[in-house]
Amino acid sequence: MESPHSLSPSSSSSYSSDGVTFDTEEPRTPLAVRRALHLINSGEPHLCLQAARDIRRLTKTSQRCRRQLSQAVGPLVSMLRVDSPESHESALLALLNLAVKDEKNKISIVEAGALEPIVSFLKSQNLNLQESATASLLTLSASSTNKPIISSCGAIPLLVDILRDGSPQAKADAVMALSNLSTHPTNLRTILETNPIPSVVDLLKKCKKSSKTAEKCCALIESLVDYDEGRTALTSEEGGVLAVVEVLESGTLQSREHAVGALLTMCQSDRCKYREPILREGVIPGLLELTVQGTPKSQSKARTLLQLLRESPYPRSEIQPDTLENIVCNIISQIDGDDQSGKAKKMLAEMVQVSMEQSLRHLQQRALVCTPSDLPIAGCASEVSSK
């Protein structure tokens, strides 16, 4: 007998599974998709469970299947409400895959009422279910439409609880979800009221500084230090500023941009209060490197922060311009400890060397398109072609 997966789309055959017969004459919708939709709408618990598992598998990597199976959202959300942990996890994982990279599905899942059961699963003693619920909120919170709704359902305090006490994977997903939610103005104050900084700093200390988790930790910290409570919490937490400085030194380009942004916000808010705590953690070498190798935003922020960290808060006269070298040398003279000062001086020398090399390359490029017109080439007038 021929395998159902090898049936030609134009065949008039039929396929029977679990007592359900499918006509194979619909070429545009894969047989597996139609089968899953039929089973999920059957109302039979064991068939719905199988359908949820099939939907999870079909939507794991296929954007097309996510669209074709969008009709399954309602029945899957209903499965979250039945008294069956097995159904909860299977339906949750299917919904999670349906929501990945699909804005319409993200919104329809929330509109179908999924948030109430998902938020309740954050308090579950079943760690697998708790992890799946956290991952689902991470995905759903990527939608700007969903952000205020997720907050209004009471998810933020529970996410902070997981950030403090959850499994390593749940903690990583929780901080990413909170970072997503923090981009909505009204959510940021709610997050701040849960005192998340200690848990964020603890996670930042333990994770790889080049990881996505570190990037989201620093993004969240950058948002929270806009408030005095956030700045105070970060400096009060042992190793808090140091953890941010370490990301500034060895994080991804985006992480380093968030890190320098957080430190700059602190220093701009109260230079006298935050200058010393920032300098104490050895920030100068990382800042010098950022002025040359960071993103355009990082470079600008690093230069501004270096100016603020200088001993004198007032700009110099035009006769004594604020060159980066002057700013850094002024800072170095105020730093205690030969080791840190030596590192900063070495970094400054390397920075100047890189700057000179960049200037030389620029001059060489200009020379290529500026051939002197008074040099005859084979008796003909020279021509410079545009590139």
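In this text, all values refer to a predicted model and were calculated from it rather than measured experimentally.
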| In this structure, which one of Glu257, Gln254, Lys301, Arg256 forms a side chain to side chain donor-acceptor pair (under 3.5 Å) with Thr295? | Glu257
| task | Nearest 0.5 Å please: distance from the CG atom of Leu263 over to the CG atom of Leu234. | result | 8.0 Å
| Between the side chain of Ser87 and the main-chain N/O of Asp83, is any donor-acceptor distance below 3.5 Å? | no
| field | Check: Leu37 and Gln68 side chains under 4.5 Å, non-hydrogen atoms | value | no
Pairs under 3.5 angstrom only: tabulate donor-acceptor contacts from the side chains of residues 105-115 to other protein residues two or more places apart or in another chain.
| residue | atom | partner | partner atom | Å |
| --- | --- | --- | --- | --- |
| Asn105 | OD1 | Arg67 | NH2 | 2.9 |
| Asn105 | ND2 | Arg66 | O | 3.1 |
| Asn105 | ND2 | Leu98 | O | 2.9 |
| Lys106 | NZ | Ala99 | O | 2.7 |
| Ser108 | OG | Lys104 | O | 3.2 |
| Ser108 | OG | Asn105 | O | 3.1 |

| message | Here's a test for you: under side chain to side chain contact (heavy atoms under 4.5 Å, CB included), which of Ile149, Asn146, Leu95, Leu96 qualifies with Leu140? | response | Asn146
| task | Indicate yes or no for a side-chain donor-acceptor contact from His88 to the backbone of Val82 under 3.5 Å, with no hydrogens or angles considered. | result | yes
| task | Please check if the side chain of Lys216 supplies one atom and the backbone of Ser211 the other of a donor-acceptor pair under 3.5 Å. | result | no
| message | Does either side chain, that of Thr183 or that of Lys147, offer a donor lying less than 3.5 Å from an acceptor on the other one? | response | yes
| request: Take atom CD of Glu116 as the centre, draw a 6.0 Å sphere, and report whether it contains more than 12 heavy atoms from other residues, nucleotides or ligands. | output: no
All N/O donor-acceptor pairs, side-chain side in residues 173-181, below 3.5 Å, sequence neighbours left out:
| residue | atom | partner | partner atom | Å |
| --- | --- | --- | --- | --- |
| Asp173 | OD1 | Gln169 | NE2 | 3.1 |
| Asp173 | OD2 | Gln169 | NE2 | 3.4 |
| Asn180 | ND2 | Leu138 | O | 3.3 |
| Asn180 | ND2 | Ser141 | OG | 3.2 |

| message | Surrounding CD of Glu193 (heavy atoms of other residues, nucleotides or ligands, distance under 6.0 Å), is the total greater than 12? | response | yes
| Judged by atom type as modelled, is there a donor-acceptor pair below 3.5 Å linking the side chain of Gln299 to the main-chain atoms of Gly294? | yes
| remark: Contacts of Arg56 meeting salt bridge (charged side-chain N to carboxylate O under 4.0 Å, His left out) (sequence neighbours excluded), chain-then-number -> none
| field | Asp202 bridged to Lys205 by N-O distance under 4.0 Å | value | no
| task | Measure from the side-chain N and O atoms of Ser223 to the backbone N and O of Ala219, and report whether any donor-acceptor pair falls under 3.5 Å. | result | yes
